[in-house]
Amino acid sequence: MSHLHLGIIGCPIRHSLSPVLHTYLLQQNGQEGSYRSFETQPSNLAERVSDLLNSGIRGFNVTIPLKQEILPFLTDISNAAKTIGAVNTVLVHDNRLHGHNTDSSGFMRSLQHSGIEIKQRSAIVLGAGGASRAVIYGLLAEGISEITIANRTLERARNLAVSMGRFFPETAISVCDWNIEKIASHISERALIVNTTSVGMWPDIDKTPFVLPALPAEAIVVDLVYNPLETQFIAQGKSAGASTIDGLNMFIFQGVAAFEIWLGRAAIFDLEVLRNLLLEKLASYE
Ligand code: ATR
């Protein structure tokens with residue numbers, strides 16, 4: 001393939017790690033190309049999309065606050081992205097825009113990488129925003145047995161449970177108040193507890209959604225936050241006796257899945273090398 005012209009749109013994106021990730025992937029896969037940041041506000045999205053099409057771009061990532069705003073510009077949308085209601089990856093082909101959501105597949109690949117089989121598990125998902133939708137879709141599509149959504153604004157959790165329930169009527173989806181005693185009553189032997197909120201993200205590194213109670217040895221605690229790598233939530237999961245997964249692998253796998261869509265084949269990469277590269281970049285911001 002000739003020069004692969006790639007990029008990311010959103011705002012703010014000055015501190016995005018995606019250029020480092022994709023520049024590494026281009027090099028590792030012997031692919032000539034570039035990945036550039038295009039700071040874009042909702043008000044200039046139409047102009048930006050038209051400019052990108054004219055520039056011969058092969059694809060681009062879409063981040064906050066444009067993951068839903070981009071939908072009307074797309075020729076078609078994958079089933080996953082349609083159900084999630086958000087697109088983070090666009091493939092350009094013959095002047096047409098194809099929308100995908102790799103946040104969801106990235107999350108599932110990060111679980112798979114840690115050897116987690118979700119079929120016999122129940123999940124407790126903290127948060128009911130965009131990241132939560134992608135996580136919940138992935139878990140439901142891969143056959144989790146039960147999901148509980150806890151959110152500070154209960155109404156949002158309810159709406160999410162109802163909208164996902166339409167697509168997955170056979171799985172029990174319940175909601176729970178933003179209260180650790182109530183949440184604790186949903187923690188089963190093989191619970192997967194996922195923080196999809198941004199609570200604990202740098203610079204608020206001393207914050208945590210909840211102080212976790214003692215957990216069964218088979219429980220798994222996952223945080224989507226990766227800056228810092230060991231959030232308070234992850235540290236508590238460890239002291240509460242659970243296995244833990246930080247958010248950096250999900251970030252990497254969503255990027256790899258996007259890159260594979262643009263490249264048209266499986267990508268070669270070394271996870272440890274990538275993690276170190278991204279951690280170095282994060283450290284340079286602080
Ligand atoms: P994202 O796309 O990252 O998920 P979002 O759609 O704005 O972002 O959703 C943010 C989520 O984090 C929501 O579930 C939000 O709870 P509310 O629906 O009650 O707003 C949650 N959240 C953000 N800050 C929070 C805080 N300080 N405590 C609890 N939940 C918080």
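Note that ligands are numbered from 1 as they come in the structure, with each ligand's atoms numbered from 1 the same way. We use all heavy atoms of the structure for the numbers below, so side chains are in, but hydrogens, waters and symmetry mates are not. Treat the numbers as computed from the prediction; the structure is a model and nothing was measured.
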Exercise for the section: Using distance alone, decide if ligand 1 has a nitrogen or oxygen within less than 3.5 Å of any nitrogen or oxygen in Ile64. Expected result: no
Exercise for the section: Apply the test side chain to side chain contact (heavy atoms under 4.5 Å, CB included) to residues Leu52 and Val49: give CA-CA distance (whole Å), side-chain angles for both, the deciding distance (0.1 Å), then the verdict. Expected result: CA-CA 5 Å; Leu52 289 175; Val49 169; 5.7 Å; no
Exercise for the section: Please check if any side-chain donor atom of Ser145 sits under 3.5 Å from a side-chain acceptor atom of Ser122, or the reverse. Expected result: no
Fill in the blank from the handout: So for Thr153 against ligand 1, with non-hydrogen atoms under 4.0 Å, the contacting part is both
Handout entry: Numbering as shown, the atoms of ligand 1 that approach Gly127 to under 4.0 Å (heavy-atom distance)
Key = 14 (O)
Exercise for the section: Measure the distance from atom 29 (C) of ligand 1 to every protein heavy atom, then report the residue, atom name and distance (to 0.1 Å) of the closest one. Expected result: Trp178 CZ2, 3.4 Å
Exercise for the section: Could you tell me the residue and atom name of the protein heavy atom closest to atom 16 (O) of ligand 1, and the distance to it rounded to 0.1 Å? Expected result: Asn151 OD1, 3.3 Å
Exercise for the section: Would you mind checking which non-hydrogen protein atom is closest to atom 9 (O) of ligand 1, with the distance to 0.1 Å? Expected result: Gly129 CA, 3.4 Å
Handout entry: No-hydrogen, no-angle side-chain donor-acceptor test under 3.5 Å, Asp103 and Asn88
Key = yes
Problem - Taking atom 7 (O) of ligand 1 as the reference point, the nearest protein heavy atom with its distance - result: Arg156 NH2, 4.4 Å
Exercise for the section: Do me a favour and list the nearest non-hydrogen protein atom to atom 31 (C) of ligand 1 with residue, atom name and distance? Expected result: Arg152 CZ, 3.7 Å
Exercise for the section: Examine Leu271 and Met250 and state if one hydrophobic cluster contains both, with Ile, Leu, Val, Met, Phe, Trp and Tyr joined whenever side-chain heavy atoms are less than 4.5 Å apart. Expected result: no
Handout entry: Distance-only N or O hit between ligand 1 and Ala128, under 3.5 Å
Key = yes
Practice task
For the residue pair Phe168 and Tyr137, establish whether any side-chain heavy-atom pair is separated by less than 4.5 Å.
Solution key: yes
Exercise for the section: State, with a plain yes or no, whether a side-chain heavy atom of Asn151 is found less than 4.5 Å away from one of Leu126. Expected result: no
Exercise for the section: Starting from atom 21 (C) of ligand 1, find the nearest protein heavy-atom neighbour and note its residue, name and distance. Expected result: Thr197 CG2, 3.7 Å
Problem - Name of the residue among Arg275, Gln254, Gln112 meeting side chain to side chain donor-acceptor pair (under 3.5 Å) with Asn249 - result: Arg275
Problem - Nearest non-hydrogen protein atom, atom 4 (O) of ligand 1 - result: Ala131 N, 3.0 Å
Exercise for the section: Measure the distance from atom 6 (O) of ligand 1 to every protein heavy atom, then report the residue, atom name and distance (to 0.1 Å) of the closest one. Expected result: Gly130 N, 3.1 Å
Problem - Full working for side chain to side chain donor-acceptor pair (under 3.5 Å) between Thr75 and His98 - result: CA-CA 6 Å; Thr75 317; His98 306 277; 5.5 Å; no
